[in-house]
There are 2 protein chains.
Amino acid sequence: MSVRLDETDRKILSQLQQDASQSLDEIARKVGSSKTPVWNRIRKLRDAGVIGAQTVILDPEALGFEACFFVLIRTAEHDAEWQKLFLDVLKKRPEVQEAHRLAGEIDYILKVRVKNARAYDAFYQAMISEVKVHNVTALLSMEEIKSTTALPV
Amino acid sequence: MSVRLDETDRKILSQLQQDASQSLDEIARKVGSSKTPVWNRIRKLRDAGVIGAQTVILDPEALGFEACFFVLIRTAEHDAEWQKLFLDVLKKRPEVQEAHRLAGEIDYILKVRVKNARAYDAFYQAMISEVKVHNVTALLSMEEIKSTTALPV
DNA sequence: GCTGAAACGGCTTGGTT
DNA sequence: AACCAAGCCGTTTCAGC
C-alpha cells in the first residue's frame, strides 16, 4: 500500500499541505523544478490516492463552535451487529470529527466539536439512545494548543 | 468573535469544505447565486478569518504512517515556565497533529501520527527527555472509523 | 447588491528535444 | 523526462443597473 516518493515528491506534498492555492509555477520554483514535471507528479500522486480531498480549514471559534470534547467509550458488546450500528451513528453525526477504534481497555475515542456544553449533552443523549455503551468519559478541551492536518512527509 | 452568516454563506462554506477546487461558477450554481456575489462573500469570509488555510488531505496509510496514538498526559507541574516549555516541544514536533489542554484529571491530550510503534517510542523518549511529565497513557488506534475537518455550518 | 463583460493569469495539452 | 507554446478555462476587476 505504501508508495515510493523521491525528494521532489515530498517537497511538492509539503507545499500543497501548506497552501493548496499556490500556482504551479510557484510550487515549481520552490521545489526547484518547473511547471510540467510538477504537474505530472501531482497528477500521479492524485491517481495513486496519496493526495485526497482539497479543502479549506474553517475557524471553529469564529463560527461559534466553542466546545470540543474527547470522548472515551467502553462497551460490553463486541458483536458485528452492534458495531455496525455504532459506526453508522458516528458516521451520520456531523459533530463527530474523528472516531477511532482502539486497542486496550478503552474501545473507542471520539473527537466531538459542538457549539457549547448543552449541544454536547444533546449529542450524548442521542448517541446513548441509539446504541448501548457500557461507559463514557468526556474530556473537555480548554485550549487547542495545536491542530494540523499536515503529515511530516 | 462569532460571525453572522446567512443561508448562502453557510452553503458556500459547506461547498468549500467538501471540495475547495470547485470553480466559482460551480459553487454559484449549487448555492443558487452567481459568480461575483459568491466571490465577494468568499473574500469577506476570508478577511473575517472564518476561512483559513486551503490545503490537501493526504492518505496516511499510502505514505506509510500506519500508527496513530492518542496520548493522555498528567503533570504535577503547572507553573507558567513549565507550560511554555511543554507547548514549545509539542509545536515543534511534526508527529503531533493535535494537542489540547484539558479540564479535569487529565491535563493534556495529543494525537500523534507516526510510521510505526518504534517511531512512537522515539517520540515518547524525546518528549520525556525534554519535559517532566507525571503520567502518560498511550491509546493505540486500530482503525480510523471517521476523520473529517468539516464543521457542520 | 447583482449582472455582464472584459482582462488577466494559470491550467492543461500536445508537440519537440 | 523536461521544455515550450498555444488554447482554454477560471479568477478577478470594474462599469452599469
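The model shown is predicted, which means the values in this text are computed figures rather than measured ones. So you know, we letter chains A, B, ... as the sequences are listed, proteins then strands, and number each from 1.
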Which residues share a side chain to side chain donor-acceptor pair (under 3.5 Å) with B/D107, sequence neighbours left out
none
Please list all pairs passing the salt bridge (Lys or Arg N to Asp or Glu O under 4.0 Å) test where one or both residues lie in residues 82-92 of chain A, with sequence neighbours left out.
A/K84-A/D88, A/K92-A/E130
Applying side chain to side chain donor-acceptor pair (under 3.5 Å), can you list everything that pairs with A/T75, at least two apart in sequence or on another chain?
none
Pairs meeting criterion salt bridge (Lys or Arg N to Asp or Glu O under 4.0 Å) with involvement of residues 55-80 of chain B, two or more places apart:
B/R74-B/E105
Quick one: ring pair (Phe, Tyr, Trp, His ring centres under 6.0 Å) partners of B/F69, sequence neighbours excluded?
B/Y120
B/E143: what forms a side chain to side chain donor-acceptor pair (under 3.5 Å) with it, not counting sequence neighbours?
A/R101
If the condition is ring pair (Phe, Tyr, Trp, His ring centres under 6.0 Å), which residues does A/F86 pass it with, not counting sequence neighbours?
A/W82, A/Y108
Under a 4.0 Å heavy-atom criterion, DNA chain D is touched by chain B from D/dG10 to D/dC14
Residues within residues 12-23 of chain B bordering DNA chain C, heavy-atom distance below 4.0 Å:
none
Round to a whole Å and report the spacing from CG of A/D47 to C1' of C/dT12.
14 Å
Results of side chain to side chain donor-acceptor pair (under 3.5 Å) for A/R43 - residues two or more places apart only:
A/D47
Salt bridge (Lys or Arg N to Asp or Glu O under 4.0 Å) partners for A/R93, two or more places apart:
A/E95
Inspect the surroundings of NE2 in A/H78 and state if more than 12 heavy atoms from other residues, nucleotides or ligands are less than 6.0 Å away.
yes
Tabulate protein N/O versus nucleotide N/O from nucleotides 1-4 of chain C, keeping only pairs under 3.5 Å, one per line.
{"unit_1": "C/dT3", "atom_1": "OP2", "unit_2": "B/S34", "atom_2": "OG", "d": "2.2"}
{"unit_1": "C/dG4", "atom_1": "O6", "unit_2": "B/T36", "atom_2": "OG1", "d": "2.9"}

Would you mind reading off the distance between A/E26 atom CD and C/dC11 atom P, rounded to a whole angstrom?
10 Å
